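Heads up: the structure comes next, in structure tokens.
On a predicted model such as this, the values are computed, not experimentally measured, just so you know.
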Amino acid sequence: MADQSATPPPKDTVTTRTPTPTSPVAIPAEDQNQPVIQDGAADEESKVVADESVTDATLATAAQEEAPKETTPEDKSENDKLTENTAETKVEDGVEGQEKLDEANLSSKSAEEGSAVVESQSQEPGNMASTVETDLNTEKVTETSEPAAPAANDAAVTDQPPAASGAEVGEPEASQKEESLVTSEAPKPGTPAEPTKSDLDGQTTLAEPTKSNLEGQTTADEATENFESTTDASKADISSSVDTPLTDGTKALTPITKPVEPIPEGSKPASPQDPKSTTPQHEVEPVAQQAEGTKSTTPQIDGNKSVTPQASEKGNLSAATSPTKTLNPQVSPTPPPTAQTVDPLSVPSTQPKPPPVTASSQLGQEPSTPSSPQKTALSMLSEADEANIITGNALNMVWSFGLNKAIPMVNLSTDSRSIIMYACAHTGICYNFENNTQKLLQGHNNNISSICVSEDKRWLATADKGPNNCMVIIWDTNTFFPVQTIFDAGDQGVLALALTPDARYLATISAGAPQVLCIWDWTIEGDTALCSATLNPSYGVQNFVLFNPDDTTQIVSNSDSQVIFYAWENGSIEYFCPPLTDEDFNKPVGKYTQSIFLENTNKCLTSTSIGNLVVWASNKPLTKAIDNEPTPNKKALKLVKVQDRGINVLMVVDSQIVMGDMNGHVKLFDQNLNLVHWYQDLNIGPINAISFTYIEKWSLEQMDTHDYPNDCSLVAKALPMRSFVIGSTQSVYAQITPRGTDINVILRNHDSPIHSVITHPSEKKVYIGSYSGLLQIWDYQLRVVIASRKFEKGYMIQCMAIDPRGFYIAVGFTNGVVKVLDALNLQDEDTEVFRYARDAITHISFSHDSQFLATADGEFTTTLFKRQYGTDVQPWVYIGRHRAHYKEIKDVCFGIELDSNKPRLLTLGKDRNLVEYDLENSHKDHLLLLGKDRIEQSAVPQCIAWYPPLNKEHFIVTANDQYKFKLYNVTTKRCRKTVLGPTYGSPLKKICILPTADEVNDKQYMVYINDDKVGLQILPLDGNPHNSMALVAHPGGVTNLAASFDGKYLFTAGGPDTSVHMWHININALEAQSKLGGEDLVPFYGLMEGGREGELFAELEDYFYYAQLRHQGINTMMKRQVDVKIALSEVPYVMRAMGFYPSEQEVEDMLNEVKFSRYVETGEDVTDIDLGAFIKLYINHRPAFGLSHEKIAWCFDVLSGFSSEESSIKRGKFLDLLQRKGEHMTEYELSEYLTTLLGYNDEGGSCEEHVFDPTEAGSIIVDNLPIDMSTKTFTDDLLGFGFYQQPDILDLEAVDT
């Protein structure tokens, strides 16, 4: 693969508007009443429009090789010098020389051990020969050409990526797959590294972590080193680079390592009690030096508590992750990231890091030479590298495409990093737009509803809202670890939150009504707020909150219709709600959007949806003296018309008022509302977020201002500004750099629900389409957009499919149109637009040979297209349509005939019918049917797939709404097996067989989605609950699923959350879970009430013996034959005795499943069943959640036509329905069953060889059954279930006594 260079992303030139100097629009004092000068005329002035140059960024991999950097004597530590002196000691002949050498070596070893004790805990133990540094997007493989010196405090080693030759860029070596980064001892000079125990034993299981894995925990500072690299550092590397020839003749840049500044002696972090402190610190607990080879001593988190960060006197912070709650106990939750000992508060030590170890040295191999194939620094993560950031889950999210445009992003950029943070469903995304990498902040179970960050960009708070399991999480942005979690911060979650400038206090407003404002000191443990105030629902939904930067006891919040001012102190809150109507100033006010406090005054501003600014001032008697004392008692002082369009963003930065509006403009005003500067022609849509970069030592007086734009004053002086990031309602994020006034588009994503995602059959591409009409092709390895197309208005993408050869993409739209596109450039293949459906296209699929294309639409109709060949014909031609279903079509799939390579087309409907179409005999305008089979009796099938050939018999598999998988013979369509499916809150919506290299010999797996989760299932299906797992993918709902061609990644579409998540598949974790769950019958015992030792199992054993007695005859005098098996004819009776009441169709399916279970292998029927097989049969066929009263009540409501509150059916109609509807029941059978249930026959009736006399049955039924049959009468009186029975009061009193 040829080396490619990365092209930097394009920058759009933004036109900055410098308005003509006007008279200042000053905020009047209380005793002044000056007219307001509007700036409408300024908007009509001539605009300077710059050329906009937007090009798609193209990223590629580039091979890099770095020449080894010689270590100067000045860079070496004392231990290094001692080691060199020892190595250079000339040993004279004789015993005396040998003793001197031993003594020198001993001294060197002692010096190394002493240095290791005082080393920082972030220092990796041991000497290392080379390193593999990873982040979430790029892999940097650095290697020293010479073995490292044995000293602990070695000189800084220059990163040296080896040359890439002989292997495709982006693919790891075979020996490096499925490995983890571990820290091990480096070999002595001139000797290869010795293999560790884990290397010799192979892969480690979840239950047995190897010693090398425990030793190889990297610190958070090292894990985020590449992620937080800055542009300045990159420029320094390039400017100081050396061209090094690679083996293939190309040249690579050799970066020069920048020295680390030392930490000043005597420096100490400020404590939270210090009034001058701007960052909340915590009480310290010294962290003990972790011994090599021991487990991490980081404390684990209690399931109901959050852990505050504990810092040592040296600034060490033990960051513990927050526990992740699950919505269903059976769902495998996303485990928190491994807690690691980090040192985020202190400056890195001057001691250079020891050279880390490469993956090759972990395996005990020779360090790779520059000619060995390795990945370059610009290439993406390999599988082995991604395994280092993946937890023990079988599915782990590694990337997210999309964003939540409704939640404003925040800029985490400083003078040392370029990062923005935005919400994507229930995950926070920290995106480094310089390196194109992501850090995923996972921990929420609901969609994130609000984000805020401290002034210094150090502390980040995220909150979610939902029906339950809501929380607020505080993150340290230096390590991206959670340091505090607040559970139950409000009813139904949190709608808005804010941090004080020093980040010590947090304000939250709950989402549920009535809303509650709470103040939290998150630096201490506990889930109790310092104070709170309950708000009247008449104030509207408060969706914005802000602290006063000058006085954090003052707070403002607003809804669309009401602004509220608060003052809190000593555990109490008072608040005022000043009224304001359109009549107060004789002009419309508009809906409130955001509010701010003006600096060094008691005034506030609130922006509105029609371009107004409401000026709030102290509600005191008017005096000539200006009173700036903060007070929450305010009134509307003035209404200032700033512009015609709405103001979405209002904030104060560096004593300037910044506004973002619906026009897509950003305007800057001074404190007197004099227009200073504005940015226009941004072309990203209405602004809904603005966030500035934090620079620690920002001083306007000491800055070089010649590159900055001029303000609009008469002097036209330079206007120094920090760079900032803006976000729009069109899901576009861009960075604006004041120097040069350039705009750099960071992200451009879908702004409408995403329902379609597919993957390429042979390349690392994923196709994403949304209701906005935008279709994008992503390279999911490089995480870049390859091509995109925006369809005209009205063309909302509902579904897509790609042909197995990867040449064509079929797109179905909500307006019924079908388009066939070129899979490479997304251009139309057909000049004809297929518009045969009048409703949305819901499903679309290609045949395996790419000869047929089938669609299903909202009119329950199937449409077929066929491929044509020739230069003068259209590539695809319409064949016909057929409405074979009378309810919604749930799935469409193509298969292959057993005896030929011809395709087969099947559709599955909500009407429980499986329809097969005659593709061979169908012709123009005539789509013929081959067969129609009703495959379900009561359940509703949801999805279908072709089951892999795991045995000689071929099946199709379906999943229904009763949490069951069913296997049907592909020829006869008969149900051959029923197994219990995943029961994770909702039935499965889509299933997909995970692709493998060899379908016959490789182990097979299935992936699936339900309402909000994604899961993985081991095949073959057997009902073992430990063979499947699931976790929350999109709390708002999962709409689609796709797997990569190599079976390593999954992609889930979130629909309304406008995002697509990319999941890495860890098969070993699922296999380990299955092994830990037990083998054979152990997992099924756990699904029985009481387990193996419970009462139900004991009853089953008794029923087994009794069934043998019945089969041999109750009254027989012959010798009994006691066996471990029973006859198949006894299975229905034992099932009913166990409390499962199958229908006759279900009984037939159970018997056929056992009877023909070995027919393909042996050609003989099975006539009996043992206890183990019966338990599996019982667990798989019984209802997943039993028979509920709600289900019976729903049946009565349907049969009675919802005629009354308590549905009832007339007795005659009830008896008639039992005989005519559903399975056929004769009058004799009905009378016997009813009289037996009423207690007039012996239990068991004719089944137990009792004689039934039907002559008196009629009168018995008439006398005992009421005229109106209700749900209570049927369940309690007739069936004896006791759903409505109340405990006897006398019995309760007896129990109490």
Side-chain angles (χ1 to χ4, degrees), residues 56 750 752 754-763 765-778 785-859 861-883 889 892 894 903 905 917 919-920 922-928:
D56 291 333
H750 299 266
S752 297
I754 298 176
H755 288 261
S756 180
V757 55
I758 57 174
T759 56
H760 197 278
S762 59
E763 299 178 6
K765 298 178 183 178
V766 59
Y767 299 75
I768 303 174
S770 66
Y771 278 180
S772 65
L774 177 62
L775 174 58
Q776 290 180 325
I777 307 177
W778 282 81
V785 177
I786 301 175
S788 64
R789 177 180 177 181
K790 184 68 175 292
F791 293 94
E792 53 267 30
K793 187 177 181 180
Y795 282 76
M796 298 185 291
I797 301 175
Q798 178 67 41
C799 56
M800 294 189 299
I802 187 168
D803 79 297
R805 296 179 300 175
F807 295 158
Y808 303 105
I809 296 178
V811 184
F813 299 90
T814 56
N815 58 3
V817 173
V818 177
K819 285 179 176 287
V820 181
L821 312 177
D822 185 281
L824 184 61
N825 55 24
L826 302 181
Q827 298 303 312
D828 292 337
E829 281 291 322
D830 283 87
T831 57
E832 177 187 1
V833 176
F834 299 120
R835 194 187 298 269
Y836 295 95
R838 292 174 295 180
D839 207 333
I841 305 297
T842 58
H843 298 82
I844 192 165
S845 179
F846 280 95
S847 62
H848 75 285
D849 55 1
S850 302
Q851 297 301 309
F852 292 96
L853 171 66
T855 67
D857 55 55
E859 295 180 310
T861 305
T862 303
T863 307
L864 184 66
F865 303 89
K866 189 175 182 180
R867 180 82 168 92
Q868 290 190 128
Y869 297 93
T871 57
D872 298 332
V873 297
Q874 295 289 342
W876 294 90
V877 62
Y878 166 77
I879 296 298
R881 288 163 53 83
H882 198 118
R883 185 172 180 174
I889 297 178
V892 176
F894 278 95
L905 176 60
Y917 299 83
L919 301 181
E920 187 174 359
S922 297
H923 52 88
K924 181 70 173 179
D925 294 329
H926 288 84
L927 179 58
L928 305 179

key: Value rounded to 0.5 Å, distance of CG in Leu821 from CG in Asp830   = 9.5 Å
ask   = So, do Pro903 and Leu919 sit near enough that their side-chain heavy atoms are less than 4.5 Å apart?
value = yes
request  = Mind listing the closest non-hydrogen atom pair of Gly794 and Thr814 along with its distance?
outcome  = O-OG1, 4.4 Å
query = Which heavy atom in Thr862 sits nearest to a heavy atom in Leu927, and how many Å separate them?
reply = O-CD2, 3.7 Å
key: Set of residues satisfying ring-ring contact (aromatic ring centres under 6.0 Å, His included) with respect to Phe894, sequence neighbours excluded   = none
key: Under 3.5 Å side-chain donor-acceptor pair for Arg881 and Thr863   = yes
ask   = Counting distance only, does the side-chain N/O of His760 pair as donor-acceptor with the main-chain N or O of Lys765 below 3.5 Å?
value = no
query = Of all residues at least two apart in sequence or in a different chain, which pass the ring-ring contact (aromatic ring centres under 6.0 Å, His included) check with Tyr917?
reply = none
ask   = Can you tell me if NZ on Lys793 sees more than 12 non-hydrogen neighbours from other groups inside 6.0 Å?
value = no
inquiry  = To the closest 0.5 Å, what do you measure between CZ (Phe834) and CD1 (Ile841)?
reply    = 11.5 Å
message = Tell me whether Gln827 at atom CD has more than 12 heavy atoms from other residues, nucleotides or ligands lying less than 6.0 Å away.
response = yes
key: Within residues 836-848 or reaching into it, pairs that qualify as side-chain hydrogen bond (donor to acceptor under 3.5 Å, both in side chains) - sequence neighbours excluded   = Glu832-Tyr836, Arg838-Glu859, Ser847-Asp849, His848-Asn901
query = At their closest point, which heavy atom of Ser752 faces which heavy atom of Ser770, and how far apart are they?
reply = O-CB, 3.7 Å
task = Apply the test side chain to side chain contact (heavy atoms under 4.5 Å, CB included) to residues Thr855 and Val892: give CA-CA distance (whole Å), side-chain angles for both, the deciding distance (0.1 Å), then the verdict.
result = CA-CA 7 Å; Thr855 67; Val892 176; over 6 Å; no
Can I get a per-line list of side-chain donor-acceptor pairs under 3.5 Å for residues 797-807, giving both atom names and the distance, sequence neighbours left out?
{"residue": "Gln798", "atom": "OE1", "partner": "Tyr771", "partner atom": "OH", "Å": "2.6"}
{"residue": "Asp803", "atom": "OD1", "partner": "Gly806", "partner atom": "N", "Å": "3.3"}
{"residue": "Asp803", "atom": "OD1", "partner": "Phe807", "partner atom": "N", "Å": "2.7"}
{"residue": "Asp803", "atom": "OD1", "partner": "Tyr808", "partner atom": "N", "Å": "2.7"}
{"residue": "Asp803", "atom": "OD2", "partner": "Arg805", "partner atom": "N", "Å": "3.3"}
{"residue": "Asp803", "atom": "OD2", "partner": "Ser850", "partner atom": "OG", "Å": "2.9"}

task = Determine, stepwise, if the pair Ile786 / Leu824 fulfils side chain to side chain contact (heavy atoms under 4.5 Å, CB included).
result = CA-CA 9 Å; Ile786 301 175; Leu824 184 61; 5.9 Å; no
message = I need the His923 NE2 to Asp925 CG distance, nearest 0.5 Å.
response = 9.0 Å
inquiry  = Walk me through whether Asn815 and Met796 qualify under side chain to side chain contact (heavy atoms under 4.5 Å, CB included).
reply    = CA-CA 8 Å; Asn815 58 3; Met796 298 185 291; over 6 Å; no
message = With rounding to the nearest 0.5 angstrom, report the CZ to OH distance, Arg835 to Tyr878.
response = 15.0 Å
inquiry  = For the CD atom of Glu829 and the NZ atom of Lys819, what is their distance to the nearest 0.5 Å?
reply    = 12.0 Å
ask   = Rounded to the nearest 0.5 Å, how far does CG of Leu775 lie from CD1 of Ile768?
value = 9.5 Å
ask   = Are any of the side-chain nitrogens in Arg789 or Asp822 under 4.0 Å away from the carboxylate oxygens of its partner?
value = no
remark   = Sequence neighbours excluded, the answer for side-chain contact (heavy atoms from CB on, under 4.5 Å) partners of Glu792 is Tyr795
inquiry  = Checking Ser756 now: which residues fulfil side-chain hydrogen bond (donor to acceptor under 3.5 Å, both in side chains) with it, not counting sequence neighbours?
reply    = none
query = Of all heavy-atom pairs between Leu774 and Ser788, which one has the smallest distance, and what is that distance?
reply = CD1-CB, 4.3 Å
CA sep, side-chain torsions, deciding dist, call: His750, Gln776, side chain to side chain contact (heavy atoms under 4.5 Å, CB included) = CA-CA 9 Å; His750 299 266; Gln776 290 180 325; 3.2 Å; yes
request  = Specify the closest pair of heavy atoms between Ile754 and Gly769, including all atoms of both residues, with the distance to one decimal.
outcome  = CG2-O, 3.5 Å
